[in-house]
K.L.:
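Dropping a structure here in structure tokens format, bear with me for questions.
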Amino acid sequence: ARLLVAPVRLRQALLDLIRHEMASEDGRIVLKANSLGDRELIDALYAASGAGVEIDLIVRGICCLRPGVPGLSDNIRVRSIVGRFLEHSRIFRFGSLARGARHFIGSADAMTRNLDGRVEVAVEVVETELKQRLDEILEVNLTDDGLAWALAADGTWSRVPRLHGRETHAR
């Protein structure tokens with residue numbers, strides 16, 4: 001399905017997409033959201049990490065998942081980009097760039113209230129140029145060293161080391 005609607009289908013579709021990556025030799029997931037708190041999605045991401053899926057999460061606010069916990073989330077990295085502007089975009093990419101990826105944009109954060117208690121939507125982006133633009137946005141977020149913070153396994157945040165010598169802003 002290209003249109004995923006909560007509370008009817010969105011959660012199950014996200015879980016199916018995560019499981020599909022677990023079955024792939026080059027499983028890859030990149031999620032960009034404001035919050036990640038849904039236990040079922042977090043457990044699925046932990047399972048995917050255990051299956052060798054490389055996972056990058058860009059979560060501006062609340063993140064209840066702990067990355068880098070040995071034996072649980074070794075393949076998960078979490079970063080937050082915090083600047084002057086409140087970022088609201090949600091992008092979900094499942095699949096490797098070599099194999100081909102499915103891209104979704106939507107209104108829902110990965111929170112139980114969004115998946116079970118509200119009408120939220122995610123739509124698959126199928127046009128090549130738009131998918132490339134989404135990949136560019138994700139890449140900028142994954143390589144930012146001016147406004148990025150990384151979440152550690154113990155739940156603490158630390159500034160991502162600057163590689164490009166730019167001034168940074170306090171979190």
Side-chain angles (χ1 to χ4, degrees), residues 4 6 10-24 26-83 85-97 99 101-116 120 122 124-125 131 133-161 171:
L4 311 175
L10 182 55
R11 171 192 299 283
Q12 189 58 52
L14 292 173
L15 293 171
D16 291 346
L17 289 160
I18 292 169
R19 288 186 193 107
H20 178 75
E21 290 310 304
M22 291 173 66
S24 301
D26 62 345
R28 180 81 170 106
I29 298 171
V30 181
L31 303 179
K32 181 181 182 304
N34 285 328
S35 301
L36 173 60
D38 183 75
R39 187 69 188 166
E40 195 172 359
L41 285 181
I42 290 170
D43 287 345
L45 290 168
Y46 285 150
S49 174
V53 176
E54 290 295 324
I55 302 169
D56 280 294
L57 306 173
I58 305 157
V59 183
R60 180 178 168 84
I62 296 168
C63 183
C64 297
L65 178 147
R66 293 294 173 250
V69 176
L72 179 66
S73 56
D74 300 285
N75 296 318
I76 302 176
R77 292 157 300 281
V78 177
R79 63 174 27 220
S80 178
I81 309 293
V82 181
F85 304 106
L86 180 59
E87 180 65 50
H88 283 292
S89 65
R90 284 93 173 175
I91 303 170
F92 311 98
R93 184 178 77 200
F94 298 91
S96 68
L97 296 178
R99 173 172 36 100
R102 295 183 71 186
H103 297 70
F104 295 83
I105 57 173
S107 62
D109 280 313
M111 303 289 284
T112 303
R113 68 177 184 226
N114 295 83
L115 299 173
D116 295 337
E120 303 271 7
E124 185 171 7
V125 176
K131 290 169 68 166
R133 179 66 179 136
L134 292 175
D135 287 335
E136 289 172 12
I137 292 168
L138 292 174
E139 187 61 25
V140 165
N141 279 261
L142 292 172
T143 58
D144 182 283
D145 67 354
L147 300 173
W149 292 74
L151 182 60
D154 66 1
T156 60
W157 291 93
S158 61
R159 184 177 295 281
V160 170
R171 180 176 173 129

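Keep in mind that the numbers below use all heavy atoms, side chains included, and drop hydrogens, waters and symmetry copies.
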K.L.:
At what distance, to the nearest 0.5 angstrom, does CG of L147 lie from CZ of R159?
P.N.:
8.0 Å

K.L.:
About how many Å separate CD of E54 and CD1 of I29, when rounded to the nearest 0.5 Å?
P.N.:
10.5 Å

K.L.:
Determine whether L41 and I18 satisfy the following criterion, side chain to side chain contact (heavy atoms under 4.5 Å, CB included), listing intermediate values before the conclusion.
P.N.:
CA-CA 9 Å; L41 285 181; I18 292 169; 4.1 Å; yes

K.L.:
Are the side chain of E21 and the backbone N or O of G95 linked by a donor-acceptor pair below 3.5 Å?
P.N.:
yes

K.L.:
Measure the CG-CG distance between L10 and N114 for me, rounded to the nearest 0.5 Å.
P.N.:
9.0 Å

K.L.:
Identify whether the distance between the nearest side-chain nitrogen and carboxylate oxygen of R79 and D144 falls below 4.0 Å.
P.N.:
no

K.L.:
Any salt bridge between R39 and D43, counting N to O under 4.0 Å?
P.N.:
yes

K.L.:
Closest approach of L151 and L65, non-hydrogen atoms and distance?
P.N.:
CD2-O, 3.5 Å

K.L.:
Filter on salt bridge (Lys or Arg N to Asp or Glu O under 4.0 Å), then keep only pairs touching residues 65-76, sequence neighbours left out; what's left?
P.N.:
none

K.L.:
Test your reading of the model: is there a side-chain donor-acceptor pair from S73 to the backbone of V69, 3.5 Å cut-off?
P.N.:
yes

K.L.:
Output all residues satisfying side-chain contact (heavy atoms from CB on, under 4.5 Å) with S96, sequence neighbours left out; order by chain, then residue number.
P.N.:
D26, R28, A98, R99

K.L.:
If I compare all heavy atoms of P161 with all of D145, which pair ends up nearest, and what's the gap?
P.N.:
O-CB, 3.5 Å

K.L.:
Kindly determine whether L14 and D38 satisfy side chain to side chain contact (heavy atoms under 4.5 Å, CB included), including the steps that lead there.
P.N.:
CA-CA 12 Å; L14 292 173; D38 183 75; over 6 Å; no

K.L.:
Can you name the salt bridge (Lys or Arg N to Asp or Glu O under 4.0 Å) partners of R113, sequence neighbours left out?
P.N.:
none

K.L.:
Between K131 and A101, what is the shortest heavy-atom contact and its length?
P.N.:
NZ-O, 2.9 Å

K.L.:
Check the pair V59, S80 against side chain to side chain contact (heavy atoms under 4.5 Å, CB included), reporting the backbone distance first and the verdict last.
P.N.:
CA-CA 5 Å; V59 183; S80 178; 5.9 Å; no

K.L.:
Show the numbers, then the answer: is there a side chain to side chain contact (heavy atoms under 4.5 Å, CB included) between R93 and L134?
P.N.:
CA-CA 9 Å; R93 184 178 77 200; L134 292 175; over 6 Å; no

K.L.:
Within a radius of less than 6.0 Å around CD1 of I62, do more than 12 heavy atoms belonging to other residues, nucleotides or ligands occur?
P.N.:
no

K.L.:
Could you report the tightest heavy-atom contact between N75 and S49, atom names first, then the distance?
P.N.:
ND2-O, 2.8 Å

K.L.:
Taking C-beta and beyond as the side chain, do L31 and F94 meet within less than 4.5 Å on heavy atoms?
P.N.:
yes

K.L.:
Is S107 close to E120 at the side-chain level, that is, under 4.5 Å between some pair of heavy atoms?
P.N.:
yes

K.L.:
To check you understand the geometry: which heavy-atom pair defines the closest contact between L15 and A44, and what is its length?
P.N.:
CD2-CB, 3.6 Å

K.L.:
Heavy atoms only: give me the nearest A33-R90 pair and the separation to one decimal.
P.N.:
CA-CG, 4.1 Å

K.L.:
Taking atom CD1 of I91 and atom CD1 of I137, what is their separation to the nearest 0.5 Å?
P.N.:
4.5 Å

K.L.:
How long is the span from the CG atom in N34 to the CG atom in D109, to the nearest 0.5 Å?
P.N.:
4.5 Å

K.L.:
Could you state the interatomic distance from CG (L17) to CD (Q12), rounded to the nearest 0.5 Å?
P.N.:
10.0 Å

